[in-house]
Amino acid sequence: MHIYDSVQKTKLLFEPIHKGKVSIYVCGPTVYDDAHLGHARSALAFDLLTRTFKSLNYTVTLAKNFTDIDDKIIKKVQQSGKSMEEITSFYIARYLEEMDALGVQRADLEPKATESLRAIEAMIQTLLDKDFAYRISNGDVYFDTSKDRHYGSISHQVSEDDENQSRVAHTEEKRSPKDFALWKACKNEEEICFKTAFSTGRPGWHIECSAMIEKHFSGTENYSIDIHGGGADLLFPHHENEAAQSRCATGHELAKYWMHNGFVQIDGEKMSKSLGNSFFLKDALALYDGEVLRFYLNSVHYRNDFNFSEEELKLSKKRLDKIYRLKKRVSPGTASTVNQTFKTLLLNAMSDDLNISIALAVIDEMLAVTNEMLDSDPQNKVLKKECLANIAFIDTLLGFGGKEPFSYFQIGVDETLKQKITRMLQERSEAKKIKDFARSDAIRDELTELGISIMDTSEGTLWEKLS
RNA sequence: GGAGCCAUCGCCAAGCGGUAAGGCCGCAGCCUGCAAAGCUGCUAUCCCCGGUUCAAAUCCGGGUGGCUCCUCCA
């Protein structure tokens, strides 16, 4: 397995800390609002990563956190009158439902900030004890970036010039604009506050990830985990700060490899809540099947930016359709053993920093070859069984192609319409029997108007919903 | 102002110094009563200008254009 490390900015051979095992921590969402396509892209990218490791016979431990303490959540509590727990549990549940619909496998660990307060407090206390952090008069605790000689080594974005480092306003007591909050003291009684030795308040954004990783992963003398992942926007300052905290608190590096996924864009601009161009997952899933969305969002390499368009999504579906058409051809039946050449080619592609484009090309080649062989030998049962195994492997590795193929093409067609289609097809085949082609073609036109495409085969007439 | 990323056929997109994968669309053909599906065939010298090299889409320098980070952000 080779992966691109965003710290060294090059593709590296993956060598696990512990042989045969891989530990991955991905920054999850802040749960104060609905997830959009960008959240899906990130989840999907790391889902592909864990599936690939699993197929390579690694034992994977994946952690994805939920940030459930945050200024925006507090704001929402104040505005809505609901409790923090009500709000966060609602969005966590919805996030998980939507990820299920996309075929994202659940993380092994889903730590929350509210459940990690003791670990957070302990890490901040360690940093204070070791003099890597300082408390100011209002109770805030800051990380002293000047004490960390390696600060900047993750993102390479730290300026020598303090004035240019940040555009945010700073408290006077902060020693440097680069310093960041580990702990924010409560300013008034309405806020959500937790008692600690240093002050009553809440954790800063960066500390939870560092603390959770220490809490859940054993690590070694060199690294806490193998891979740390997240969106490209998290590289700086979030991951830089995480790395600094962990390095200074534990004496070793946080992660051996760092991976960052590219953005989902709308009309060439980053999708974000602040820009107001978000396409929410709940809306997308109301319009399109989760598997289709998954296929589309995964069809471009995870590090590239992804310019989303509904037209492209529909075109992308055609490529998925081809897998299911072949699956129809080889169904029903039981899968035998996956073709080893096919399996190797697919795995090789994904082992090269998740090269999905090559993987899809390998699949298309398998599709074409199998279709061709079936054209000349339609009853080849050995071939059919192997093909079912091949498609099952695609589903295991990439997470699509697993549905029952006939129902796949009928998603969105209700029972009433299905019965109507069946009646029309019966009438059409009777017309065809007596060579009344005018009548049979008229029925086909009616079906087209209903959004249904038909195809005559030796097994009878099949139909699909037009997308 | 500081720090990066990207630019390949009409569209999407691989390529990681050795002579341009794949998909969509289009055209022609096979199959079909006609279609659909499937199969076969056809379509690019890689934003521009220099340089390095026997050899560059791939490396270096300079442009142009787009995006991102430096504030919450996947």
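Just so it is clear: chains get the letters A, B, ... in the order the sequence lines come, proteins before strands, and each one is counted from 1.
- Searching all strands for a Watson-Crick or G-U wobble partner of B:A13 with both distances below 3.5 Å returns nothing.
- Using a cut-off of 4.0 Å between Lys/Arg side-chain N and Asp/Glu carboxylate O, A:D179 and A:K147 are scored as not salt-bridged.
- Because its NZ or CZ atom is not both nearer than 6.0 Å to the ring centre of A:Y408 and within 45° of the ring axis, A:K403 does not count as a cation-pi partner of that residue.
- Side chain of A:D108 to backbone of A:L62: a donor-acceptor contact under 3.5 angstrom is found.
- Figure legend: A:K72 and A:Y32 shown as a cation-pi pair, the cationic atom lying under 6.0 angstrom from the six-membered ring centre and within 45 degrees of its axis.
- Applying the 3.5 Å distance criterion, the base of B:C34 shares a donor-acceptor pair with the side chain of A:D456.
- Using a 4.0 Å cut-off, some side-chain N or O of A:K318 falls inside it from OP1 or OP2 of B:C25.
- Nucleotide B:A21 holds its C1' atom 17 Å from the CE atom of A:M366, rounded to whole Å.
- Taking only side-chain nitrogens and oxygens, A:K432 never comes nearer than 4.0 Å to OP1 or OP2 of B:C34.
- Searching all strands for a Watson-Crick or G-U wobble partner of B:C34 with both distances below 3.5 Å returns nothing.
- Using a 4.0 Å heavy-atom distance criterion, A:L315 is classed as a sugar-phosphate-only contact.
- Among the atoms of the strands shown, none is found under 4.0 Å from any heavy atom of A:H238.
- Among the protein residues, A:Q265 comes within range of the sugar-phosphate backbone only, with heavy atoms under 4.0 Å from sugar or phosphate atoms but none that close to a base.
- Residues from residues 435-447 of chain A with heavy atoms under 4.0 angstrom of RNA chain B, sorted by number: A:F437, A:S440, A:D441, A:R444.
- Side-chain nitrogen and oxygen atoms of A:N307 include none within less than 4.0 Å of the OP1 or OP2 phosphate oxygen of B:G66.
- Within 4.0 Å of A:G231, counting heavy atoms only, lie sugar-phosphate atoms of the nucleic acid but no base atom.
- Between A:F342 and A:F393, the ring planes lie perpendicular to each other; the angle is over 60°, past the 30° to 60° tilted range.
- Sorted by first and then second residue, the ring pair (Phe, Tyr, Trp, His ring centres under 6.0 Å) pairs involving residues 298-322 of chain A (not counting sequence neighbours) are A:F279-A:F308, A:Y296-A:F306, A:Y296-A:F308.
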Original post:
For every nucleotide of nucleotides 37-44 of chain B, 5' to 3': is a protein heavy atom under 4.0 Å from its base (B), only from its sugar-phosphate (S), or from neither (-)?
Top reply: SSSS----
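- For the pair A:N304 and B:C6, the criterion of a side-chain N or O lying under 4.0 Å from OP1 or OP2 is not met.
- As judged by a 4.0 angstrom heavy-atom cut-off over every strand, A:H260 is placed among residues making no nucleic acid contact.
- Positionally, the nearest nucleotide of RNA chain B for A:G268 lies more toward the 5' end than for the other of A:G268 and A:V264.
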Name the atoms and distances for all side-chain donor-acceptor pairs under 3.5 Å in residues 310-318 of chain A, with sequence neighbours left out.
{"unit_1": "A:E310", "atom_1": "OE1", "unit_2": "A:Y288", "atom_2": "OH", "d": "2.2"}
{"unit_1": "A:K317", "atom_1": "NZ", "unit_2": "A:D321", "atom_2": "OD1", "d": "2.9"}
{"unit_1": "A:K317", "atom_1": "NZ", "unit_2": "A:D321", "atom_2": "OD2", "d": "3.3"}

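- Not counting sequence neighbours, A:C27 has no partner by the disulfide (SG to SG under 2.5 Å) test.
- If you check residues 397-413 of chain A against RNA chain B, you find no residue with a heavy atom closer than 4.0 Å.
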